[in-house]
Amino acid sequence: MKLFKRALKYTGILLFFPVIYIIIGLLLSFITINKTRDHNIATKEIFLHTNGVHLDIIIPKKDIDPALLKGILQYNNEDFIAFGWGEENFYINTPNWNDLTFKNTF
């Protein structure tokens with residue numbers, strides 16, 4: 001009986017924090033930031049492109065501040081800028097999963 005009470009006590013202690021976390025999360029989800037909605041919000045297009053290994057974010061040049069485009073190699077006839085994430089060597093030398101090597105990974 002004493003072992004059962006001790007097990008019940010430790011189980012209660014272990015479950016206390018996740019249950020409190022869930023309750024606080026549910027309560028805070030009812031707090032809204034903007035109660036009034038502005039239906040005249042300007043929309044922007046962002047495209048995602050993947051080859052299964054790499055992900056590129058593609059943004060129309062017209063939506064980017066020209067000051068941000070300084071120093072980026074670009075041509076006048078391009079309408080979009082693509083941004084990738086990661087190390088250049090990995091990006092260039094690993095176009096698909098079959099090209100993945102230990103050296104490129106690390």
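These numbers come from the heavy atoms of this one structure, side chains and all, not from hydrogens, waters or symmetry mates. What you see is a predicted model; the values in this text were computed from it and never measured. Position 1 is the first residue of the sequence, and the numbers go up from there.
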Cluster question for you: counting only ILVMFWY and a side-chain heavy-atom cut-off of under 4.5 Å, with indirect links fine, are [X] and [Y] together?
X: L27; Y: V19; answer: yes
X: I20; Y: F17; answer: yes
X: I31; Y: I24; answer: yes

Closest non-hydrogen atom pair between D63 and E45, with its separation
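That closest heavy-atom pairing would be OD2-N, 4.1 Å.
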Measure across E78 and K61 and return the closest heavy-atom pair with its distance rounded to 0.1 Å.
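Heavy atoms only, the tightest pair is O-CD, 3.2 Å.
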When you measure from the side chain of D56 to the backbone N and O of I58, does any donor-acceptor pair fall under 3.5 Å?
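Side chain of D56 to backbone of I58, a donor-acceptor pair under 3.5 Å: no, none is there.
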Could you list all the side-chain hydrogen bond (donor to acceptor under 3.5 Å, both in side chains) pairs where at least one residue sits in residues 4-21, not counting sequence neighbours?
none
First locate atom CZ of F80, then atom NZ of K62, and finally report the distance between them rounded to the nearest 0.5 Å.
8.0 Å
Could you measure the distance from the CG atom of L8 to the CG atom of L3? Nearest 0.5 Å is fine.
11.0 Å
Give me the other members of the hydrophobic cluster that I81 sits in, counting Ile, Leu, Val, Met, Phe, Trp and Tyr linked by side-chain heavy atoms under 4.5 Å, directly or via other members.
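Once heavy-atom contacts under 4.5 Å are chained together, I81 belongs with I46, L48, L55, I57, I59, I64, L68, L69, I72, F83.
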